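In this text, all values refer to a predicted model and were calculated from it rather than measured experimentally.
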Amino acid sequence: MSQATARVSGALVAAAALAASLLLWAAPAGAEELSGGRLGWGVKESFRSYITGPIAQGEVQTGDGASTADGSYRFHSATGSYEDGTAVIDYQGWVYFWGHGGELDVTFANPSVEYSGDSGTLYVYVNGTRTDMASLSGASLSASGRTVSVSGASATLTSSGAEAFAGYYEAGQALDPVSFSADVVAAEPEETREASEPEPTGAGGDGAVSGAILDWGVRASWREYVSGGIADGGWTAAEGAADGGAVFRFTEGAGTAAAGDYTLAYEGTVRFTGTDVDLALTDPAVAAEDGAGVLSAEVGGTRVDLVTFEAELVEAGGVLLAEAVPTALTEAAAPVFGGFYQAGDPMDPLTIAVPLTAGAELPALPDLGSEPQEPSSSAAAEEVDAVEAAESDANPLAWVVPAALALVLGVAAAVVALTRRAERRKQTGGAGAPAAGPVPEPGSAEDTPEENGEGAHGAGPAGPPDGGPEADKEQQHP
Ligand code: HEM
């Protein structure tokens, strides 16, 4: 090798090393983090009818934030990743089937999906054991804006899933379709993160507090009635209220709070609309004396006592808390729900949390993520590309590196060509063209999604309480 060629080769190696180190330093993380979103799955319509019908004479309950919506069960608070067209997402919540006087006793909890292109797998914890339940197919994974979703994938039972049904279904049996979505976590600028920290609050000497929250789902069967076939409607949460699926959160609670004596006024409106239904519950308040409490809200311009409850606030971790407190309808509120419920009927439990310090952690609200949009099939590929592009947006250096590498290699190749031409002119013999090595693509080392084994999904989920179903079960009619 001539000195000139050696020099050029040395320069090339140095350039490649520089480019490689740039890549190592600035390559995008590869995987997009997903947080917030929902998974809807009705298990199997005939199974649901069988459970509550005359044969099994059973019940279905949902818990840990899962709810019934659009005729299926809705799981929530997605966490996961999206990388190179593959989504791996875990959801929270459980649905509990009970029948035949307790012979049938099965909980499906914390489903997760692994999905690429137009197929994937649905996993579910069956009575605490993670089980691959169904093969999914027939719907494309779309990435629309900052949301990854699949709408209406067909689900067929696997052989391990069949065991959950005591052999009454065989592998290959069609189950209800599965839809899911999850939001891509946006890289938040430092200042925004700081700004979104909860404002300092706390009980002064006079017991004055602020920043409290109230979680209340009104009543599961009411939500089902409004969103089901009869009323065919829905609800919106606004002006300080948020929708957690099975629970609504009212915020900005201010007042005084100490153990069994507290008065808190919250902000927010939840409005239920549908056929013959238009009910807005606005700015709820709780007031308790010696633990005997009343929850009221503005209904059509008048404050109405809705439910009564018994709860003392107990301090834990800088939060005054009363969690999942049973409630009963007042007589005054019976007409609010069209007379479907009587005074004393159980309504949904409520949770009150009052932060006493700035960093105090309030109970998490189930995070349903953005409202998933129905993707049109032709747009799906485009949308996925949009997310890939967004990945580059998220890391401004992502495009700089390949560009820098191309430039370095281009200049080096030109130098080599010129040197070789000069050498050839000198007739010093035929050194071959430098091998055009493969140009590494950013993130290519991370293209294969990690095997997501059981261990990665942590301990088994929380399940329903022991001792069979509770009296306040999910119903089809209010
Ligand atoms: C005392 C014990 C049980 C009895 C007497 C019983 C009885 C029955 C009967 C008679 C049917 C047929 C219903 C029909 O054709 O309409 C049925 C269906 C079924 N049973 Fe059970 N069963 C029992 C326990 C269980 C258990 C432990 C499971 C586990 C989840 C289970 C899951 C199913 C399923 C998945 C079906 C099919 C429902 C459908 O899609 O139509 N059963 N059972």
Side-chain angles (χ1 to χ4, degrees), residues 31 34 37-51 66 70-76 78-95 97 106-143 147-182 372 374-375 377 380-381 383-384 447-458 460-461:
L34 304 174
R38 64 202 60 193
L39 178 143
W41 183 46
V43 181
K44 183 162 163 53
E45 191 180 2
S46 62
F47 182 63
R48 298 199 307 267
S49 316
Y50 158 70
I51 293 292
D70 306 327
S72 75
Y73 305 110
R74 181 190 275 169
F75 303 87
H76 61 93
T79 52
S81 63
Y82 172 76
E83 182 179 16
D84 197 30
T86 296
V88 179
I89 315 172
D90 298 333
Y91 296 85
Q92 285 178 34
W94 51 255
V95 52
F97 300 97
V106 60
T107 304
F108 288 171
N110 295 12
S112 50
V113 283
E114 290 181 23
Y115 210 96
S116 305
D118 58 8
S119 63
T121 306
L122 170 72
Y123 300 86
V124 175
Y125 280 89
V126 178
N127 290 346
T129 303
R130 190 163 186 259
T131 305
D132 60 330
M133 174 60 67
S135 305
L136 306 177
S137 61
S140 307
L141 178 65
S142 105
T147 301
V148 172
S149 65
V150 164
S151 175
S154 309
T156 51
L157 191 64
T158 63
S159 51
S160 45
E163 290 173 25
F165 296 97
Y168 283 91
Y169 299 141
E170 287 178 3
Q173 173 87 52
L175 301 174
D176 274 9
V178 175
S179 297
F180 62 87
S181 62
E374 289 289 316
S377 54
E383 288 163 347
V384 173
D447 279 352
T448 319
E450 271 175 47
E451 281 299 311
N452 216 316
E454 281 194 29
H457 293 266

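No side-chain donor-acceptor contact under 3.5 Å links R74 to the backbone of R38. Distance alone, capped at 3.5 Å, places no donor-acceptor pair between the D90 side chain and the G80 backbone. Proximity of a side-chain donor or acceptor of S46 to a complementary backbone N or O of K44 within less than 3.5 Å is not detected. Remark: the backbone N or O of D176 is paired with a side-chain donor or acceptor of W41 at under 3.5 angstrom.
Residues forming a side chain to side chain contact (heavy atoms under 4.5 Å, CB included) with A78 (at least two apart in sequence, or on another chain): I89, Y91, A182. Taking S49 as the reference, nothing meets the side chain to side chain contact (heavy atoms under 4.5 Å, CB included) condition, with sequence neighbours excluded. Every side chain to side chain contact (heavy atoms under 4.5 Å, CB included) that A162 has, sequence neighbours left out, goes to L157. In this structure, the side chain to side chain donor-acceptor pair (under 3.5 Å) partners of Y50, at least two apart in sequence or on a different chain, are H100.
Listed by first then second residue, pairs satisfying salt bridge (Lys or Arg N to Asp or Glu O under 4.0 Å) with a partner in residues 115-126 number zero, not counting sequence neighbours. Judged as a side chain to side chain donor-acceptor pair (under 3.5 Å), the pairs with a partner in residues 152-163 (not counting sequence neighbours) are, in order, D132-S160, T158-S160.
Using a 4.5 Å cut-off on side-chain heavy atoms (C-beta onward), S135 and T121 make no contact. For the pair N127 and V106, the minimum side-chain heavy-atom distance is below 4.5 Å.
Going from atom OG of S72 over to atom CG of L39 covers 8.5 Å, rounded to the nearest 0.5 Å.
The aromatic ring centroids of F47 and Y73 lie 6.0 Å or more from each other. Remark: aromatic rings of F75 and F180 are distant, center separation not under 6.0 Å.
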- Yes or no on side chain to side chain contact (heavy atoms under 4.5 Å, CB included) for V43 and F97, after CA distance, side-chain angles and deciding distance? CA-CA 11 Å; V43 181; F97 300 97; 3.9 Å; yes
